[in-house]
Number of protein chains: 2
Amino acid sequence: MELRQLRSLIMLVESEFSVSRAASRLNLVQPAVSQHLKQLEEELGTRIFRRQGKRLVGLTDAGEKVLHYARATLAGAANLLAVGRDHVEEGTGVLRIGATHTQARYVLPPVIRSFREAYPAVEVQIHQANPLQLVEMAVNDAVDLAICTEALDRNPALTAIPSYRWNRCLIALPDHPALEARPVTLDTLCEYPLVTYVFGFTGRGHLSDTFARDGLRPHVVLSATDTDVIKTYVREGLGIGIIADLAYEEDKDADLGVRALSHLFPAEVTKIAYPKDKYLQRFQQRFIDLFQQEATRIIRSSRAR
Amino acid sequence: MELRQLRSLIMLVESEFSVSRAASRLNLVQPAVSQHLKQLEEELGTRIFRRQGKRLVGLTDAGEKVLHYARATLAGAANLLAVGRDHVEEGTGVLRIGATHTQARYVLPPVIRSFREAYPAVEVQIHQANPLQLVEMAVNDAVDLAICTEALDRNPALTAIPSYRWNRCLIALPDHPALEARPVTLDTLCEYPLVTYVFGFTGRGHLSDTFARDGLRPHVVLSATDTDVIKTYVREGLGIGIIADLAYEEDKDADLGVRALSHLFPAEVTKIAYPKDKYLQRFQQRFIDLFQQEATRIIRSSRAR
DNA sequence: CGTTCTTACGTGTGTCGTAACGATC
DNA sequence: GATCGTTACGACACACGTAAGAACG
């Protein structure tokens, strides 16, 4: 059994079972990959591919298990090489971060800035995705670190480090009556058309739960995956917005009224995660540290409101 | 990076850093292994071996990490092949069991018997060792399943399945006064010379703790790693014995008096363990099931006393 | 008929074994 | 000087690329 055979298997799966595409992505010719797959299946002595004619269209049950261990094997090999790189080309390489829109747009910029000062030779990549995608990307080593609030701590294959707590705030046009309520209650929020996140994004789960627990039905007129869209439509007068407090920017959002909502909803915890047993290079570890530092700064500044 | 290089690395470590021995154990010539190690070190770009002249004498810090991931990588590969074997040569292979003396001598025989009936083509190996060794053997894949009472659940790399509870009993020559005490107390046990297990073996830890908690100092005149030695010296009249109740055999030990001690000491739990994420072949899974069944039988028969 | 995988074949890389050399106790 | 390592070299294997053939829509 050879590592290249496993690479071919995995790339095949990630190429929707097109041998040709897998081959070109591996910088190989197609017959080479065919041979890898054939040899692997022969050595195992079991069908691992589902076929339609001579086309491969999926994995058998055995194949799924094989895929799992193939990933584990290559992950081990990758970690091994990472140990080497960490000791030699110190401070060079690639840092692949997976993050949701909220993180990428409002939290990461200052972290990235100080990281790039410390490690100018490291190429930083940010891959934006939704929480479920981020989990999968982290598990399959499509990113080195995943940052978001949901789902990360549900997967036992990941180590998730809690980084900071946040809550929501209400934004509205400055003259909107909702801003006047003392205090703002769940009922207040239900009186007006709401603009907030799509389910599964940025704490929307707990938000819906809270309304439901009080038997309330908020009138959501628009749900978006990112905060900028929400702000835009609040400015359009479509309704009042509920966003993550860390997404309210004192300077740029001065034209919007804001009220904290932390007394109404449970706090959310944003985490940073990576596969258990992954070898973290020094600059990756350093990035986590920087993120944690920045996180405490964020908390302080949004508490100030 | 090639798997054979990792095999050479691991075999080198397991051969006290003798390249020649590693080579012969791998059925290779010595220059081949030298080349593997050289290539590996070159590809990593870091020293991974500590050297004295041209002799390899140990690993650097980086080398230790490399070794860890090399093991993880090869474990993945082994699991992958196991998936294949499980689907093809169903019911053939090798089952390597690590067990303490008590398990091997008193618990396993009936399990092995029924397992061999079900899988006559599987070669069963029993490797006797102490609990700490068993943990290491399980982690390094020197055995497939490890069975003992201590230490197994302390290692996060292992899945440990609790199988059965047991406690101790007192054995003595039939006319010994200790057998007459109603009830037998810790004080009773301290009145006579004691023969029991060595620390670290077969529940000796909790035994000592219990005496210590009452401020008692039992008079241990002989400590052994296995029950047969204890029985032998009890028969010699050296003192009274404290052994695992499951090690008292109704038929063969009829010449010894016995009293349960479960009211004095905390129960012990024997576990069966294997590396997390190890692929268990069907017959391995079946062995665990058989062991669990036998375990419940044991409990019933020793409760009967 | 284009797409996709298989089969066939040649070339070049590289792995391992043999053998000679060097170092260390 | 015996043991254990490295270096040098050659033979065989094999992995990959090219090219032609076969199934599928």
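A note on names: the letters A, B, ... follow the listed sequences, proteins ahead of strands, and every chain is numbered from 1.
- C:dC5 atom P lies 14 Å from atom CD of A:Glu41, rounded to whole Å.
- Using a 4.0 Å heavy-atom criterion, one finds that B:Leu28 contacts the sugar-phosphate atoms exclusively.
- Under 4.0 angstrom from either OP1 or OP2 of C:dC16 there lies at least one side-chain N or O belonging to B:Arg4.
- For C:dC5, the OP1/OP2 oxygens have a side-chain nitrogen or oxygen of A:Ser20 closer than 4.0 Å.
- Closest contact between the side chain of A:His36 and the listed nucleotides D:dC16, C:dT15, D:dG5 involves D:dC16.
- The side chain of A:Lys54 lies closest to C:dT6, out of D:dT6, C:dT6, C:dT15.
- Side-chain atoms of A:Leu80 and A:Tyr279, non-hydrogen and from C-beta on, never get closer than 4.5 Å to each other.
- Atom CZ in A:Phe49 sits roughly 10 Å away from atom P in C:dT6 (whole-Å rounding).
- A:Ser34 has no side-chain polar atom (N or O) that falls below the 4.0 Å cut-off from OP1 or OP2 of C:dC5.
- Look at A:Glu14 and A:Arg71 and you find a salt bridge, because one of the NZ, NE, NH1 or NH2 atoms lies within 4.0 Å of a carboxylate O, short of that distance.
- Looking at heavy-atom distances under 4.0 Å, B:Gln39 makes contact with sugar-phosphate atoms alone, never a base.
- Contact annotation: B:Gln30 reaches the phosphate of D:dT6 (side-chain N/O to OP1 or OP2, under 4.0 Å).
- A:Glu2 comes within 4.0 angstrom of nothing in the nucleic acid, heavy atoms only.
- Nearest to the side-chain atoms of A:Arg55 among the listed nucleotides D:dG17, C:dC5, C:dT15 stands C:dC5.
- Here the nucleotide nearest the side chain of B:Pro31, chosen from C:dT6, D:dT18, C:dA19, is C:dA19.
- The side chain of A:Ala32 sits closest to D:dC16 out of C:dT15, C:dT6, D:dC16.
- In this structure, the CZ atom of A:Arg21 is 10 Å from the P atom of C:dT4, given to the nearest Å.
- Taking the side chain of A:Gln35 as heavy atoms from C-beta on, and the options D:dG5, D:dC16, C:dC5, the nearest nucleotide is D:dC16.
- Inspection of the B:His36 and B:Ser8 side chains reveals an N or O donor paired with an N or O acceptor under 3.5 Å.
- Looking only at side-chain heavy atoms (C-beta outward), A:Thr102 and A:Thr270 stay at 4.5 Å or farther from each other.
- Contact annotation for B:Gln52: no contact, since no heavy-atom pair falls under 4.0 Å across all strands.
- Within 6.0 Å of the CZ atom in A:Arg51, the count of heavy atoms belonging to other residues, nucleotides or ligands exceeds 12.
- Counting any heavy atom pair closer than 4.0 Å across all strands shown, A:Val19 reaches sugar-phosphate atoms only and no base atom.
- Here A:Ser18 does not reach the OP1 or OP2 of C:dT4: none of its side-chain N or O atoms lies under 4.0 Å away.
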